[in-house]
There are 2 protein chains.
Amino acid sequence: MPEVQGGENLLFLTDEQLRQGIEAMFFAYRGFTADPDRILSGMAYGRAHHRAVHFIARAPGTTVNNLLNILGVTKQSLNRVLRTLVDDGLVDSRVGKSDKRERNLYLTDEGMELERKLSDAQRARMRAAYRAAGPEAVSGFRQVLEAMMDTEMRRQYYKIRDAKS
Amino acid sequence: MPEVQGGENLLFLTDEQLRQGIEAMFFAYRGFTADPDRILSGMAYGRAHHRAVHFIARAPGTTVNNLLNILGVTKQSLNRVLRTLVDDGLVDSRVGKSDKRERNLYLTDEGMELERKLSDAQRARMRAAYRAAGPEAVSGFRQVLEAMMDTEMRRQYYKIRDAKS
DNA sequence: CTTGGAATGTCAACAAAGCTGACGTATTGT
DNA sequence: ACAATACGTCAGCTTTGTTGACATTCCAAG
């Protein structure tokens, strides 16, 4: 059998395989966001609020600028979301201690309650998927996702992850 | 060492691991859409057009209703996108042969050209990620993604995938 | 101590892409 | 004949993103 693929089995790199991966990402992401979206619909919040709340919960005291980098939106867009959360008493925005231009963001008790509700739903789905697929699959899943990120996003991802160890 | 986890290693199911998976999905999806988005910005098209073009390319002759089910949007939303694509000569909408109420959708040559451009970019990233992670990781990646889909979406996914074998 | 630049906030206007509801038309199946 | 289906469309609304302009506050360098 001729080694047309450089001596390795690269069948997983055929266009058809790649297209299937693309479609899997598309359909899976729908599932990924479905449960939080369901919870948020009916409240005055949307996916953007979920993202803000998630990363504030994850890195309490984070600055607006930092959140901007993580979320990759404009400050005007984030500000609109943040303002409603602050006004509604879910997020506390405190003037920075060392640098008073900065605002450090924290969830209030009410904010934490919403975060937990959203997170519980999303983690439940992730847990079910992980459990169904098994530890080895999970490892592969994470490897491919990390390789798919833009360099700057991967940096952000590691930064958050490593702060938790 | 006590078997507090039912005899298996379930460390990959800790809340921290699940949160990392959630964030990996978030950051990776950004990368996943980044290249097509870049190509489309500047044209009068967006991500919604990309999705329509992708699935029409994937299942030529598909009906509007079928596309609606795959994309999970309202017909008004899809119609707006489809109309611009037809008007611009990227998509051909032909009256159904057996059932004249239906419209069968096809890409024109110009439509195929755009699809190829978008697909090339997205597949290049996917290929790089797959290559970096290796075949075993890719298998795990796919398993977790499939387990994460809603049942109906998984059905759609298999349907498209199996039509290509 | 003044001044330039950085971080933040805000106003206005706009665009993409989703939604609901209502309605019209052609076609099909009962 | 009539109900249901597939599609298209009008109108209006929401969420979430965008630019651009401008004010405020503050740090730090000259």
Side-chain angles (χ1 to χ4, degrees), chain A residues 26 29-30 33-34 36-56 61-88 91-105 118, chain B residues 26 29-30 33-34 36-56 61-88 91-106:
Chain A
F26 172 71
Y29 199 77
R30 293 262 296 280
T33 56
D37 281 357
R38 233 188 314 275
I39 292 171
L40 289 163
S41 86
M43 300 198 222
Y45 301 129
R47 208 176 285 181
H49 301 83
H50 179 198
R51 291 200 281 258
V53 163
H54 173 96
F55 284 107
I56 294 172
T62 187
T63 64
V64 172
N65 227 6
N66 189 28
L67 207 49
L68 240 35
N69 289 330
I70 290 170
L71 298 176
V73 298
T74 59
K75 64 176 176 174
Q76 293 90 332
S77 196
L78 174 59
N79 191 255
R80 178 170 37 203
V81 165
L82 231 37
R83 189 173 23 186
T84 69
L85 291 172
V86 170
D87 288 352
D88 294 354
V91 167
D92 195 6
S93 172
R94 302 182 206 159
V95 171
K97 199 177 171 186
S98 60
D99 186 338
K100 291 177 191 159
R101 289 169 302 182
E102 298 183 341
R103 300 289 181 278
N104 295 113
L105 303 170
L118 296 171
Chain B
F26 172 70
Y29 199 77
R30 292 262 297 280
T33 57
D37 281 358
R38 232 188 316 275
I39 293 172
L40 288 163
S41 86
M43 298 199 225
Y45 301 130
R47 209 176 285 182
H49 301 83
H50 179 196
R51 291 200 280 259
V53 163
H54 173 97
F55 285 106
I56 295 172
T62 188
T63 63
V64 173
N65 231 358
N66 188 29
L67 206 48
L68 240 35
N69 289 329
I70 290 171
L71 298 176
V73 296
T74 59
K75 65 175 177 174
Q76 292 91 330
S77 197
L78 175 58
N79 190 254
R80 178 171 36 200
V81 166
L82 230 37
R83 189 171 27 191
T84 69
L85 291 172
V86 170
D87 288 353
D88 295 353
V91 167
D92 195 6
S93 172
R94 302 182 206 159
V95 171
K97 200 175 171 189
S98 59
D99 186 338
K100 290 176 193 160
R101 290 171 305 179
E102 297 182 341
R103 300 287 182 277
N104 296 113
L105 302 171
Y106 301 88

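Every chain is numbered from 1, with letters handed out A, B, ... down the list of sequences.
If you take CG of Leu105(A) and C1' of dG9(C), they are 13 Å apart, rounded to a whole angstrom. Put simply, OH on Tyr45(A) is 21 Å from C1' on dG18(C), counting in whole angstrom units. dT25(D) atom P lies 22 Å from atom CZ of Arg94(A), rounded to whole Å. Look at CD on Glu102(B): it is 11 Å from P on dG8(D), rounded to the nearest Å. Atom CZ of Arg47(B) and atom P of dT16(D) are 14 Å apart (whole Å). Between the CG atom of Asp87(A) and the P atom of dG9(C) there is a distance of 12 Å, given to the nearest Å. Whole-Å rounding puts the Asp37(B) CG to dA15(C) C1' distance at 15 Å. Rounded to whole angstrom, the span from the CG atom of Asn104(A) across to the P atom of dA7(C) amounts to 14 Å.
The residue among Arg103(A) and Ser93(B) whose nearest nucleotide of DNA chain D lies closer to the 5′ end is Ser93(B).
Thr62(B) and Leu67(B) get closest at one heavy-atom pair: OG1-N, 4.2 Å.
Note: Tyr45(B) and His49(B) have tilted aromatic rings, judged against thresholds of 30 and 60 degrees for the angle between ring planes.
Considering only side-chain N and O atoms, Arg51(A) lies under 4.0 angstrom from the phosphate OP1 or OP2 of dG17(D). In this model, the phosphate group of dA6(C) is not approached by any side-chain N or O of Asn65(A) to a distance below 4.0 Å at OP1 or OP2. Of the side-chain N and O atoms in His49(B), none sit less than 4.0 angstrom from OP1 or OP2 of dA16(C).
Summarising the geometry, atom CZ belonging to Arg103(B) is positioned 11.0 Å from atom CG belonging to Leu82(B); distances are rounded to the nearest 0.5 Å. Once rounded to the nearest 0.5 Å, the distance linking OG1 of Thr63(A) with CZ of Arg101(A) reads 11.5 Å. Taking CD1 from Ile70(B) and CZ from Arg30(A), the interatomic distance works out to 10.0 Å, rounded to the nearest 0.5 Å.
By the ring-ring contact (aromatic ring centres under 6.0 Å, His included) test, Phe26(B) pairs with Phe55(A), sequence neighbours left out. With sequence neighbours excluded, no residue forms a side-chain hydrogen bond (donor to acceptor under 3.5 Å, both in side chains) with Ser77(B). For Arg94(B), the side-chain hydrogen bond (donor to acceptor under 3.5 Å, both in side chains) test picks out Asp92(B), with sequence neighbours left out. Scanning for side-chain hydrogen bond (donor to acceptor under 3.5 Å, both in side chains) contacts around Asn65(A) gives an empty result, with sequence neighbours left out.
Only Thr74(B), Gln76(B), Ser77(B), Arg80(B), listed by number, bring a heavy atom of residues 74-85 of chain B to less than 4.0 angstrom from any atom of DNA chain C.
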Polar-atom pairs under 3.5 Å, protein N or O versus N or O of nucleotides 28-30 of chain C: list them with distances, or write none.
{"residue": "dT28(C)", "atom": "OP1", "partner": "Ser98(B)", "partner atom": "O", "Å": "3.3"}
{"residue": "dT28(C)", "atom": "OP1", "partner": "Lys100(B)", "partner atom": "N", "Å": "3.0"}

